[in-house]
Number of protein chains: 4
Amino acid sequence: MNDTPARGRPRSETARRAVLDAALELCQSDGYQQLTMKGIAETAGVGRQTVYRWWPAKQDVLIDALRDLALRKAERLDPETGDTLRDVRTLLDATFTLTTALTGNALIGLMAEAQHDPELSHRLQSTVIGPRRQALRALLARGVAEGSLSDGTVSLDLAVDFAFGTMWYRLISRHAPVDSRLAEQITTALTTLLRPGGTAQAEPEPGTAEAPEGRPVGTA
Amino acid sequence: MNDTPARGRPRSETARRAVLDAALELCQSDGYQQLTMKGIAETAGVGRQTVYRWWPAKQDVLIDALRDLALRKAERLDPETGDTLRDVRTLLDATFTLTTALTGNALIGLMAEAQHDPELSHRLQSTVIGPRRQALRALLARGVAEGSLSDGTVSLDLAVDFAFGTMWYRLISRHAPVDSRLAEQITTALTTLLRPGGTAQAEPEPGTAEAPEGRPVGTA
Amino acid sequence: MNDTPARGRPRSETARRAVLDAALELCQSDGYQQLTMKGIAETAGVGRQTVYRWWPAKQDVLIDALRDLALRKAERLDPETGDTLRDVRTLLDATFTLTTALTGNALIGLMAEAQHDPELSHRLQSTVIGPRRQALRALLARGVAEGSLSDGTVSLDLAVDFAFGTMWYRLISRHAPVDSRLAEQITTALTTLLRPGGTAQAEPEPGTAEAPEGRPVGTA
Amino acid sequence: MNDTPARGRPRSETARRAVLDAALELCQSDGYQQLTMKGIAETAGVGRQTVYRWWPAKQDVLIDALRDLALRKAERLDPETGDTLRDVRTLLDATFTLTTALTGNALIGLMAEAQHDPELSHRLQSTVIGPRRQALRALLARGVAEGSLSDGTVSLDLAVDFAFGTMWYRLISRHAPVDSRLAEQITTALTTLLRPGGTAQAEPEPGTAEAPEGRPVGTA
DNA sequence: CCTTAACCGAGACGGTACGTCCAGTCTTATA
DNA sequence: TATAAGACTGGACGTACCGTCTCGGTTAAGG
């Protein structure tokens, strides 16, 4: 895999961790806008060039830090319980906790920056936003398949939008908390929304950009 | 009203408009992060000090521009039709159109910045976010009062979060468009969610209550 | 003389005096470089335009202030005593006192500015520097005419340069005071320098710019 | 000597020279007042921060430039000829040439600025004004020691003031040139002034600020 | 008496230099 | 070869003053 014979001084893992930690910490404490490459380097106790060598911009540091965090948390996006509603609620709760505690600032800042940076936008989609969307959608689709849910009145995609949209809306607007109670309320609402027996109107939902693998589940 | 006798040269309305227009335009074309006070001044053909004299930071320029835009649009937050559902859909549609076309970038950037600026957060709440929230909530409350809606299963606040949350989520994530069709779908979903006859037990665990046949509100 | 019929509000003498006083005071207290038109106007309690209306630049305010000061002092450049040496000493003393107490800063600043402003240079020559030069030179020439002095070894112009040059040198370099004692020492030195009987070497002094009326007096 | 191990990128000698050259050149061509840090940086083709990093203000750039110039010229302040008068004239001539050609504007501007900046005043004394004063005074003292001169009527310090004062006076007032001819005339005048046999009435000269090393040796 | 024109204060206007900070790049010595 | 250090060019920051311009209000001479 790594075909280069790896000569010279190897990359310092210490420096790598220090940079990622410093970036997340500074972003959460001072905000995305105030985060600077210089600040990251100084907080990490690392030369500036060392940061630039491995990450072209602060966006990249943050994305790497988020990915690293996810790996370390080894977070389960698939709760594996048989109970669909319980799984939905667990997923939402985990998402809310993580976002509220650690990554909210970074994510919102990155999102704002991504408005005019399609490449960044795509990277966020594929690493942060997309997987969670797909995980929730897959859960709901499982419920539909089991018959406990139905995508009659509203599509599953819109239901997912409701769940995560509420989270984002509250994160940025701060008019209400994002906590376990919200997870519960949303789960309840989704149940109502996707209650079997609702008349299907079967509008084929337009495919999302990253085309989740989830089968659209026949609207029959 | 204006008790100060207005001494000295009066403020130039031309310069004011040029600055606000330039700010919105630049923000929409280049993004919030790339927006600079210098750039605003130069695009507006105005001295830098003139911008700083009236607005301490780019946030303030943008907020003023948004407020000015709202005033100019003389946009109706209260559609005044008797039909509650129609009014909801109209409000959502108008909101989506405005946000998509003109103010999306600015708003997201401002929101990102507000994460560490409580004062800015409050100002956004009171001028941009709050009024729209309250307008939609009032419409829904009217529906409840009329009996066409019911806040049984989910609170009206959560319903509002669903509507605008979806908008924000799609604005920042860009996984799906924010258009009239979305307004329609959300309206339909809200109808389902707030269907009269839903067991009003508020927040506790959703029971297995049977729901009567909801009207499909066919959009076709 | 004043052919315009002088209609409208007449110029405020109060404002004029306030501006000139403020200029001199600020220049002496804060230095020439720190003197600003804005500061002059504010200290004088006068509108900025009122300053600009009558004086194009701070140089002009200062020159006017210096001229005004000279007029008010009604200072005698010609002491009228029969004793030439006494007159020389009196003139130097008066000059030193005035320059040290009030006008030193302004003069040096103006001089520095005049290095690249020939028009200013000429105005300073004709209003401030020149008259004093000529006054001293005339005194010395009178001494020569009376026989108490002789311009044999050194020209009168160089003698004048010695006297005022020392003053300027000490003003800017501050290595020694400019006081009555210096006036006395210089007078003594000039006596030595222009002592009758000194061997003439008769170098025809090149005329100075303002060509004082003083006869070069043949060195015969 | 340099005990710090010299970490990081070393200072660019190229940039240093470019800044000093640009400063002197601009000052001579446009005048001290018009000299700006920005202009220096741009003319030198150097970042603005690079100028500020090493010199806090334009004064410091100029003083450094003057010192650098003196070092490069490796100018002899002590001509080493046995003939005192010749040495005096040589020193004056060199001083006049240097000041007229290169440093006049800068020096006058610095002097004007030093009127309200004691620290700058002191620095100018110790680097520019003082050494020349002491060099000339030492020459004259040597002449006195040899018996070719006498500090009877006027003190050596006043004689030095005459020589350099005349230079300054003409530099700022521009009523006459500062050239070799002036050096010659001043030398002649000093000879007259310090002619042995002049009645020594011995006014105990007040010690000057910089207190030249020595007693002028017995006035034989 | 009553225009009326020039004066006056205040202060906004477009510009420009200030001195600071950070972005990214580079060049050194060291590991 | 990676690293910490730090100097490099470049550019936005927010401030201060420049010189110009418009206001409302004042003040005396001339009709």
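Quick note: numbers below take in every heavy atom, side chains included, and nothing from hydrogens, waters or symmetry partners.
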Spacing between [X] atom [atom1] and [N] atom [atom2], to the nearest angstrom:
{"X": "C:Arg16", "N": "E:dG9", "atom1": "CZ", "atom2": "C1'", "value": "20 Å"}
{"X": "A:Gln33", "N": "E:dC22", "atom1": "CD", "atom2": "P", "value": "15 Å"}
{"X": "C:Glu42", "N": "E:dG9", "atom1": "CD", "atom2": "P", "value": "12 Å"}
{"X": "A:Asp60", "N": "E:dG24", "atom1": "CG", "atom2": "C1'", "value": "14 Å"}
{"X": "B:Gln34", "N": "E:dA23", "atom1": "CD", "atom2": "P", "value": "14 Å"}
{"X": "D:Ile40", "N": "F:dT9", "atom1": "CD1", "atom2": "P", "value": "14 Å"}
{"X": "D:Gln59", "N": "E:dC18", "atom1": "CD", "atom2": "P", "value": "12 Å"}
{"X": "D:Leu26", "N": "E:dA17", "atom1": "CG", "atom2": "P", "value": "12 Å"}

Discussion item. Donor-acceptor pair, distance only, cut-off 3.5 Å: does the side chain of B:Lys38 make one with the backbone of B:Arg48?
Written reply: no
Item to complete: Keeping the roles fixed (side chain from C:Thr43, backbone from C:Ile40), state whether a donor-acceptor pair exists under 3.5 Å.
Response: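 Checked: no pair found.
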Worksheet item: Hey, does the side-chain of D:Arg9 have a donor or acceptor N/O within less than 3.5 Å of a partner on the base of E:dC26?
Response: yes
Item to complete: Please evaluate the base of E:dC7 for a donor-acceptor partner in the side chain of C:Arg11 within a cut-off of under 3.5 Å?
Response: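 Donor-acceptor pair under 3.5 Å: no.
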Worksheet entry | Atom pair CG/OG of A:Leu24 and A:Ser29 - distance to nearest 0.5 Å |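 Reported to 0.5 Å precision, the distance equals 10.5 Å.
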Practice prompt. First locate atom CD of C:Glu113, then atom CD of C:Gln33, and finally report the distance between them rounded to the nearest 0.5 Å.
Written response: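 CD of C:Gln33 is found 7.5 Å from CD of C:Glu113.
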Worksheet item: Quick one: is D:Ser12 getting a side-chain N or O under 4.0 Å of the F:dA7 phosphate, OP1 or OP2?
Response: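 No, D:Ser12 has no side-chain N/O under 4.0 Å of OP1/OP2 on F:dA7.
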Worksheet item: Are OP1 or OP2 of F:dT9 and a side-chain N or O of D:Thr50 less than 4.0 angstrom apart?
Response: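 True: D:Thr50 side-chain N/O within range (under 4.0 Å) of F:dT9 OP1/OP2.
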Discussion item. Walk along nucleotides 10-15 of chain F from 5' to 3' and tag each nucleotide B, S or - by protein heavy-atom contact under 4.0 Å, base first, then sugar-phosphate.
Written reply: B-BBBB
Worksheet item: Is there a side-chain contact between D:Tyr32 and D:Leu110 (heavy atoms, below 4.5 Å)?
Response: yes
Worksheet item: Cation-pi between C:Arg11 and C:Trp55: NZ/CZ under 6.0 Å from ring centre and within 45° of the ring axis?
Response: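 Relative to the ring axis of C:Trp55, which defines the angle, C:Arg11 lies inside both limits.
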Fill in: Check: B:His116/A:Asp30 side-chain N/O donor and acceptor closer than 3.5 Å
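No, because no side-chain N or O of B:His116 sits under 3.5 Å from a partner of the opposite role on A:Asp30.
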Practice prompt. Select base, sugar-phosphate, or nothing to describe what C:Trp54 touches, counting heavy atoms under 4.0 Å on all strands.
Written response: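 Sugar-phosphate only.
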